[in-house]
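Dumping the structure here so I can ask a few things about it.
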Amino acid sequence: MADTDDIQQAKYYHHDVPQTNATFALKGAGSLDWGMQNRLARVFRPSSGRTVMLAIDHGYFLGPTTGLERPDVDIVPLLGEIDALFCTRGILRSVIPAASAVPVVLRASGGPSILRELSNEEIAVDMEDALRLNTCGVGVQLFVGTENESKTIHNMTRLVDAGLRYGVPVLGVTAVGKDMVRDARYFRLATRIAAELGAQMVKTYYVDEGFETITAACPVPIVMAGGKKLPELEALTMAHRAVQQGAAGVDMGRNIFQSEAPLAMLKAVNATVHDNLPPAQALELFETLRHAQA
Ligand code: R5P
C-alpha cells in the first residue's frame, strides 16, 4: 500500500507524460549511438542543423600555404566564430589553445606532399589519439576514380570501423584528381560511395549545375568545401547556394583565411549558413565589418 507521502508526491512522477528520448535531428544520424550523436551535435549547430567548419589542414600536403604561415597569429583569433575546426593533430597540439572550447574534426589521412601523387594516402592518425585529443570527428580523403581509389576508400572504412567502436564520426572528403571532371555526376558517385561505406558526414565541392541532386542522393549531411580563393561575393554566393540546395553547412578554408579580412568574412559566412542571409546582404555585412576593423 502506498504511503501518504508517495501519494502526495505522485505529481513529481509525471505519470501522464510519456518519456522522451530525442535523437539528434541530423540527416542519417537517428540510429547512431549516443556518443556519436553527441559529437555530431557539437559539429552541427542544433538550432540550424548546419555548421561553419574552418578548414586549416592544408599544411599536411602543402606546407605553410598562404594565410596559414602562422596559425597561432592568424587562426586562433577566429576560433570564437566557428562551429568546428578541421585541422591536423600537429597544429592542434602545437598551436590551438587546449582551453578553447572549439570542437575539432581531425585530419586523419595523409602521406604524399604536393610534389608527389596526392591520392597515395594512408591513415595518418590512430583513433586512440583522436580520442586522446577529445576530437568530435576524423576526416579522411577519398580519391574516387584514381588509381588509388580502393586504397583510399579502404582507409575510410578502417576509420569508420574504429570510429563506430568509440563513437567518433568520420568525415569522408571527396578529393578530385587533377584531370577529373568536377560535375554533379562525379560528386553524386563519390559522396554516395562515402556514405554507403559508412561516413557519417561528407565533404564535397560545389557545382553550379545539379548540386541539389548530390545532397538529395547522399543519406548523410554534406558540407561544402570552399576551393581556391574567390572574390568575397562569389564565395558567399556559393555558400548560400550550397545550403539552399541542401548542404548542412560549409568546411571552408582559403576563402576565409586568405580573405583580406578573415574575421569579417567568417561572420558573413556564418550569417549566410545559419541565418540564410542572401549573398548581397552578406557582402554588405562583410564590408561593414571589414571597415569597422580597419
Ligand atoms: C582538402 O583536401 C583540404 O585539406 C581542405 O580541407 C579543403 O580543401 C577545404 O579547404 P578549401 O576551402 O581551402 O578548399
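For ligands, and for the atoms within them, numbers begin at 1 and follow the listed sequence.
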(request) Tell me, please, whether Tyr205 has Arg182 positioned over its six-membered ring: NZ or CZ under 6.0 Å from the ring centre and within 45 degrees of its axis? (result) yes
(message) Using every non-hydrogen atom in the two residues, find where Lys27 and Pro219 come nearest and quote the distance to one decimal.
(response) CG-O, 3.6 Å
(request) Locate the shortest heavy-atom distance separating Leu118 from Ser113; write the atom from each residue and the value. (result)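 In terms of heavy atoms, the two residues are closest at CD2-O, 3.4 Å.
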(message) I need the contact residues for ligand 1: any residue with a non-hydrogen atom closer than 4.0 Å to the ligand, ordered by chain then number.
(response) Ala55, Asp57, His58, Tyr60, Phe86, Arg107, Gln141, Lys203, Tyr205, Gly226, Gly227, Asp251, Met252, Gly253, Arg254
(request) Identify whether the distance between the nearest side-chain nitrogen and carboxylate oxygen of Glu232 and Arg290 falls below 4.0 Å. (result)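 Salt bridge between Glu232 and Arg290, a charged N being under 4.0 Å from a carboxylate O: no.
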(request) Applying ring pair (Phe, Tyr, Trp, His ring centres under 6.0 Å), name anything that partners Tyr60, two or more places apart in sequence or on another chain. (result) none
(request) Please check if any side-chain donor atom of Lys228 sits under 3.5 Å from a side-chain acceptor atom of Asn255, or the reverse. (result) no
